[in-house]
Protein chains: 2
Amino acid sequence: MSVIADALGVSAATVSNALSGKGRVSPELIERVRAKAEELGYVPSVTARALRTGRSGVIGLVLPNISNPLFPQIAQAIENAAADAGYGVLIADSSGDNAKQTLAIQRLIERQVDGIVIVPRLGTRIAELACPVAVIDSPSTPNNTVSADHWQGGQLVAEHLVDLGHRDFVLIGANPLSNVQNDRIGGMKSRIPKDGRVDVIWIERNEMVLGAGCPLGLKEKVENGFTAFAASSDLHALRALTELQRAGIRVPNEASVVGFDDLVWSSVVSPSITTVRQDAVAIADIAIGALLATIEREPSPEASNIAVAQCNRVPMALVPRQTTARLATADASASDNSSFANSSSSPPERNAP
Amino acid sequence: MSVIADALGVSAATVSNALSGKGRVSPELIERVRAKAEELGYVPSVTARALRTGRSGVIGLVLPNISNPLFPQIAQAIENAAADAGYGVLIADSSGDNAKQTLAIQRLIERQVDGIVIVPRLGTRIAELACPVAVIDSPSTPNNTVSADHWQGGQLVAEHLVDLGHRDFVLIGANPLSNVQNDRIGGMKSRIPKDGRVDVIWIERNEMVLGAGCPLGLKEKVENGFTAFAASSDLHALRALTELQRAGIRVPNEASVVGFDDLVWSSVVSPSITTVRQDAVAIADIAIGALLATIEREPSPEASNIAVAQCNRVPMALVPRQTTARLATADASASDNSSFANSSSSPPERNAP
DNA sequence: AGGATCTGATTAATCGTTTAATCATGCATA
DNA sequence: TATGCATGATTAAACGATTAATCAGATCCT
């Protein structure tokens with residue numbers, strides 16, 4: 001900055017004004033300053049600017065357990081959206097206990113981030129913080145800024161399976177404390193016809209008893225006539241798929257499987273997994289937009305620090321792949337009309353292997 | 001800072017000295033300053049300090065395609081190691097083309113990071129940069145600071161399978177341009193006995209012809225007598241596992257499968273995948289340690305900006321799970337002695353399904 | 001007692017911007 | 001001609017820490 005000023009024989013303030021477009025500088029001088037800056041490869045000191053303006057140009061990203069396989073999608077989308085707006089992204093890991101989430105937030109604030117994007121841990125509520133916050137969780141979460149419409153995603157899954165003639169559902173979740181999973185499971189349930197059967201498996205409960213990685217007993221479910229296995233995550237869908245395959249049950253011929261989130265492996269396994277994808281880019285754009293609006297607004301005592309967006313739920317999209325197929329019934333024509341098919345709760349016939 | 005100084009009737013400089021332990025301050029005053037700082041909830045301005053000292057206290061993390069499933073492990077470990085050393089971590093996404101990697105690095109430097117940890121993209125070489133850099137790739141990469149010993153990991157895989165009696169190997173990689181994958185595959189090959197058979201599948205080549213997600217033809221391999229499928233990543237191991245399962249081949253009874261990296265799903269699929277794990281924590285600690293050493297060393301014209309560590313390869317560890325099992329042969333006792341078993345290259349007998 | 005030394009604290013400059021206040025100049029208007 | 005106003009640039013004070021240089025006293029030594 002001062003090097004440009006010296007080289008041009010003007011004051012540093014003028015250079016600052018020229019570069020920022022503020023103040024009054026003649027168009028001709030502005031051009032000369034620009035040229036000189038370019039020539040000297042000048043890059044402004046973000047620290048000096050931050051000190052003077054009180055804006056660091058950095059936002060924090062707090063994620064529940066970074067090793068969540070969904071993390072990459074979110075992180076990448078947030079990073080891109082932030083970069084487009086000229087912000088950097090500082091990551092903080094809130095894995096471990098819930099106290100660590102508070103600690104992570106604390107550290108970010110000490111680093112003087114301008115705002116924080118947070119995907120909260122199970123069962124934590126984000127209270128007013130010392131800086132603007134955008135929360136990405138679930139529409140049913142209080143203070144949620146924006147998120148995928150998990151409930152609608154669940155409906156998509158159920159509708160898809162119902163359309164294929166399924167009536168007997170096993171829904172697989174990990175932890176009922178998660179708003180996201182609850183919404184997904186709830187959405188599914190809401191679209192399962194009255195004449196259908198529903199069974200819900202919460203994996204973490206099972207594992208408390210049977211140990212991590214325990215079988216979910218899906219073979220028995222199939223033998224009991226269940227044909228549709230819908231999980232709240234591709235991780236669990238994959239678990240279901242392999243458990244079924246291993247038990248000699250053919251997917252999708254004898255059972256259909258659906259997951260959520262379109263995680264990396266879902267498209268490369270065999271058969272590839274039908275899933276529901278969230279538009280991470282749109283969510284990130286909205287979250288960052290709302291966060292920046294909150295940051296740029298003059299801080300007033302009565303205004304909340306929690307960013308709110310016009311649109312707070314982004315629709316999810318079904319990605320049909322190979323793990324779902326039309327249910328083969330004794331009377332194939334019946335499956336077209338869901339309200340009449342299988343009025344009894346007896347299991348439909350399955351194809352023999 | 002000045003609020004403490006005013007409250008105590010001393011100068012700001014004294015407060016600074018008291019808090020940092022530099023200069024000469026009486027022990028008694030130091031204690032009073034500490035107490036007052038605590039009482040007022042004082043947090044130092046990192047920007048002001050950064051401006052004065054020229055150190056931002058932030059390092060950048062550049063990852064090839066954030067959505068790489070290995071990313072979470074690395075990111076989390078780096079973040080922890082950095083946080084322990086009092087540094088923040090700024091993420092940058094270098095997905096897309098290679099030019100974006102350069103751009104990402106550029107942006108980090110503009111943000112005045114003190115150093116950069118970079119996991120390079122395929123086929124890029126990290127040259128001298130304007131700030132200290134630690135490179136995490138593979139021991140066979142020039143300028144590599146530290147990484148897992150992928151070659152040794154490959155040996156672990158091969159030894160494990162050979163111990164189980166296998167002689168006919170299909171090695172599965174994605175892209176031969178990757179040093180990491182090349183090392184892993186190379187290490188495997190180096191431990192396959194002379195009387196063994198080896199076939200290598202490079203997935204990306206196959207997909208160029210057959211399209212993404214195409215079958216790898218593993219059933220035919222099994223019919224040809226191959227019994228061991230070792231992939232350079234759990235992602236590909238999973239692909240192999242499901243393809244085999246789908247073809248009605250039982251794992252591990254008829255074929256063994258091994259992967260790399262112990263990705264999240266590997267332990268929950270059925271059967272759970274035998275894999276080789278890298279010690280991301282140790283690698284991150286070493287990388288951060290070497291990076292900070294380079295940062296703290298006075299910059300001299302002749303010294304390189306690329307961090308070097310005492311130990312630059314961290315051993316990998318085999319995680320035996322359910323996808324690998326002893327090969328059932330006609331003469332079971334022979335499989336104990338690898339140098340004698342199957343001296344001909346004819347395929348061993350397999351169990352009928 | 002007088003000079004050297006040590007201790008504990010203060011002063012003031014500095015990092016590189018931003019920005020309100022000020023100033024100099026030219027030009028139009030009364 | 002004096003006044004007012006617009007324009008284009010400069011001055012100088014911040015922002016909040018760090019740190020070299022300085023200073024005032026107390027202590028010590030001969």
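Keep in mind it's a predicted model, so treat the numbers as computed, not measured. Within every chain, numbering begins at 1; the chains are lettered A, B, ... in the order of the sequence lines, protein sequences first and strands thereafter.
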Exercise. At what angle, to 10 degrees, do the two end axes of the helix from C/dA1-D/dT30 to C/dA30-D/dT1 meet, given five pairs define each axis?
Worked result: 60°
Exercise. So, do A/Met316 and A/Arg277 sit near enough that their side-chain heavy atoms are less than 4.5 Å apart?
Worked result: no
For this session: Please tell me which of the listed nucleotides, C/dT18, D/dA9, C/dA12, lies nearest to the side chain of A/Ser16?
Result: C/dT18
Exercise. Which part of the nucleic acid, if any, lies within contact of B/Ser45, taking any heavy atom under 4.0 Å across all strands shown: a base, the sugar-phosphate backbone alone, or nothing?
Worked result: sugar-phosphate
Exercise. Choosing from C/dA9, D/dT18, C/dG16, which nucleotide comes nearest the side chain of B/Arg24?
Worked result: C/dA9
Exercise. Distance only, no hydrogens: is a donor on one side chain within 3.5 Å (strictly under) of an acceptor on the other, for B/Gln112 and A/Thr47?
Worked result: yes
For this session: Ignoring hydrogens and angles, state whether a donor on the side chain of B/Asp183 or B/Ser140 is under 3.5 Å from an acceptor on the partner side chain.
Result: yes
Problem set entry | Residue A/Arg49, side-chain atoms from C-beta onward, closest of C/dT18, C/dA9, D/dA17 | C/dT18
For this session: Mind checking B/Val10 for me? I need base, sugar-phosphate or nothing, with any heavy atom below 4.0 Å counting as a touch.
Result: sugar-phosphate
Problem set entry | Nearest-0.5 Å distance, CD1 of residue A/Ile283 to SG of residue A/Cys311 | 9.0 Å
Exercise. Of all the choices, C/dT11, C/dG16, C/dT17, which nucleotide is nearest to the side chain of A/Leu51 once you look at every atom?
Worked result: C/dG16
Exercise. So, is A/Thr14 close to the D/dT10 phosphate, meaning a side-chain N or O under 4.0 Å from OP1 or OP2?
Worked result: yes
Problem set entry | Salt-bridge criterion met for B/Glu38 and B/Arg34 (N-O under 4.0 Å) | no
Seminar exercise, completed: Among C/dT19, D/dA17, C/dT17, the one nearest any side-chain atom of A/Ala48 is C/dT17
Exercise. Within the pair A/Thr53 and C/dT18, is there a side-chain N or O less than 4.0 Å away from OP1 or OP2?
Worked result: no
Exercise. How close or far is atom P of D/dT18 from atom CG of B/Asn17, stated in whole angstroms?
Worked result: 9 Å
Exercise. Between D/dA17, D/dA9, C/dT17, which nucleotide gets closest to the side-chain atoms of B/Arg52?
Worked result: D/dA17
Seminar exercise, completed: Taken to the nearest whole Å, CE/B/Met1 to P/D/dA14 is 19 Å
Problem set entry | Spacing of A/Leu29 atom CG relative to D/dT7 atom P, expressed in whole Å | 16 Å
Problem set entry | Shortest non-hydrogen separation from B/Ser94 to B/Pro64 and the atoms involved | OG-CA, 3.3 Å
Problem set entry | 5' priority, DNA chain D, between B/Tyr42 and A/Glu28 [closest heavy atom] | A/Glu28
Problem set entry | N or O in side chain of B/Lys22 less than 4.0 angstrom from D/dT18 OP1/OP2 | no
Problem set entry | Separation of D/dA17 C1' from A/Glu110 CD (nearest whole Å) | 16 Å
For this session: Report yes if some heavy atom in the side chain of A/Ile126 is under 4.5 Å from a heavy atom in the side chain of A/Ile118; otherwise report no.
Result: yes
For this session: Provide, to the nearest angstrom, the distance between the CD atom belonging to B/Gln112 and the P atom belonging to C/dC15.
Result: 14 Å
Exercise. So what does B/Ser26 touch, heavy atoms closer than 4.0 Å: a base, only the sugar-phosphate, or nothing?
Worked result: sugar-phosphate
For this session: Using a strict cut-off of less than 4.0 Å between a Lys/Arg side-chain nitrogen and an Asp/Glu carboxylate oxygen, indicate whether A/Arg107 and B/Glu79 qualify as a salt bridge.
Result: yes
